[in-house]
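Here is the structure we will look at.
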Amino acid sequence: MQLNFSTIEWRDGKIRILDQTLLPEKVIYKDIDTVQEIAEAINVLRVRGAPLIGAVAGYGVALSAQKAKNTKEIKDAITLLEQTRPTAYNLFSALNRMKKIVGAIHELPLLILQEAHRIKKEDKLLCEQIGKNGASLIPERAQILTHCNAGALATCGIGTALAPIYITKGRIKRVFVPETRPVLQGARLTAWELQQAKIPVTLICDSARGVVIKEVNLCIVGADRIARNGDTANKIGTYTLAILAKAHNVPFYVAAPSTTFDLSIESGEQIPIEFRNPDEVRKIGDCEIAPKDIDVFNPAFDVTPNEYITGFITENGIQTPPFQK
Ligand code: MRU
């Protein structure tokens with residue numbers, strides 16, 4: 001599967017990201033050479049999606065290692081990156097890999113960069129494998145409902161939830177993509193990347209999912225963090241979709257690599273949920289759609305209890321919980 005964009009590249013000691021806040025209007029790459037800018041890019045969603053956040057954070061540590069005068073500066077960079085977003089486990093699995101290197105040896109800049117390259121390369125392979133394993137679930141003339149963006153834009157490869165769709169392109173009749181308010185990852189990102197790949201895609205309002213669920217063969221979504229019992233944090237609205245799927249006997253799959261599984265926690269109750277700026281709800285882009293000072297509740301993620309999830313499409317096959325440490 002050939003993609004005509006790249007979410008992250010290491011170029012001459014700088015990180016080049018595709019700025020996803022500007023999509024689909026503008027395809028603009030941004031070169032970044034400080035860890036502070038990387039933290040900002042993760043925080044304001046220039047790069048987003050759990051696997052990509054992990055990979056970018058890895059390169060953020062590599063940036064700081066290039067310039068650092070001592071290991072404390074690298075450790076401070078890791079701390080800064082850990083504070084960018086709380087929910088996606090890939091961020092912490094990537095930074096934990098970096099911590100092990102920083103603690104262990106002296107040849108840091110090169111070793112950290114090599115580890116960042118490994119995280120990126122592994123993620124590409126994980127996506128490919130998820131795609132192959134998920135392919136068995138996709139019937140001929142498939143109609144699929146996803147949520148948010150768990151595609152190529154969210155990873156270093158062909159995505160997680162969208163990977164089986166890319167692999168079985170010829171079998172896909174239609175992918176239904178909910179807008180995904182408040183930040184519109186579905187409308188801006190998933191619709192864009194599927195259109196680029198010439199896969200039939202239909203954009204719907206989040207509130208149309210109750211009608212569309214009757215038309216689809218299955219739902220596939222991504223994940224930000226999965227607990228040992230299978231409870232899964234993903235973009236706000238995923239839980240609602242899972243309930244809808246169960247009510248209509250539609251299979252509901254979560255596609256995610258092992259780097260998203262947090263086996264240190266037993267259940268979804270222990271997953272930290274990010275709350276974001278109220279203006280994301282008061283506005284659409286720069287356009288105000290509500291009274292300026294209206295009270296807002298804006299969790300970025302919800303947790304879907306395991307009983308609503310038919311199976312987990314991972315690099316190791318279609319799995320069900322409990323997941324072992
Ligand atoms: O806030 P975002 O855009 O980072 O949220 C992204 C999601 O919820 C994705 O579904 C998840 O990270 C999986 S991406 C392969």
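In each ligand, atom 1 is the first atom listed, and ligand 1 is the first ligand listed. Sequential numbering from 1 along the given sequence is applied to the chain's residues. Only heavy atoms go into these numbers, but all of them, side chains included; no hydrogens, no water, no symmetry mates.
Not one N or O on the side chain of R16 forms a donor-acceptor pair closer than 3.5 Å with the backbone of I32. With hydrogens and angles disregarded, no donor-acceptor distance shorter than 3.5 Å links the side chain of D231 to the backbone of S267. Judged by distance alone, with hydrogens and angles left aside, the side-chain atoms of Q196 form no donor-acceptor pair with the main-chain N or O of L3 at under 3.5 Å.
Atom 8 (O) of ligand 1 has its nearest heavy-atom neighbour, among T232, D224, V47, in D224. The heavy atom nearest to atom 5 (O) of ligand 1, considering only K235, Q20, R276, is found in K235.
Looking only at protein heavy atoms, the nearest one to atom 6 (C) of ligand 1 is R48 NH2, 3.5 Å.
Residues D19 and K30 are not paired through a salt bridge, judged by the lack of any N-O separation under 4.0 Å between the basic side chain and the carboxylate. A salt bridge does not link K14 with D31: none of the charged nitrogens is closer than 4.0 Å to a carboxylate oxygen. In this structure, R118 does not pair ionically with E122, as no charged nitrogen and carboxylate oxygen lie closer than 4.0 Å. In summary, E40 and R46 engage in a salt bridge, as defined by a charged side-chain N under 4.0 Å from a carboxylate O.
Within ligand 1, the atoms closer than 4.0 Å to a non-hydrogen atom of T160 are 15 (C), numbered from 1 in the order shown. In summary, the atoms of ligand 1 found under 4.0 Å from a heavy atom of Q185, numbered by their order in the structure, are 1 (O), 2 (P), 3 (O). Those atoms of ligand 1 with a heavy atom of N234 less than 4.0 angstrom away are 7 (C), 8 (O), 9 (C), 10 (O), 11 (C). Using a 4.0 Å cut-off to heavy atoms of A154, the atoms of ligand 1 that qualify are 14 (S), 15 (C). Shown in contact with A223 at under 4.0 Å from a heavy atom are these atoms of ligand 1, numbered in order with element: 11 (C), 12 (O), 13 (C). Close approach of ligand 1 to R85 (heavy-atom distance below 4.0 Å) involves ligand atoms 1 (O), 2 (P), 4 (O).
Both the backbone and the side chain of A150 come within 4.0 Å of ligand 1, judged by heavy-atom distances. Contact annotation for V183 and ligand 1: no heavy atom of the residue comes within less than 4.0 Å of the ligand. Residue contacts with ligand 1, taken as heavy atom pairs separated by less than 4.0 Å, involve P51 solely via side-chain atoms from C-beta onward.
Between F5 and Y29, the distance from one ring center to the other does not fall under 6.0 angstrom.
Close to ligand 1: C148, with a non-hydrogen atom less than 4.0 angstrom away. Within the structure, the closest approach of E274 to ligand 1 does not fall below 4.0 Å when heavy atoms are considered. Under a 4.0 angstrom heavy-atom cut-off, N149 registers as being in contact with ligand 1.
Side-chain contact, N90 with T260: a donor N or O sits under 3.5 Å from an acceptor N or O.
A cation-pi contact, defined as under 6.0 Å to the ring centre and within 45° of the axis, is absent between K246 and F252.
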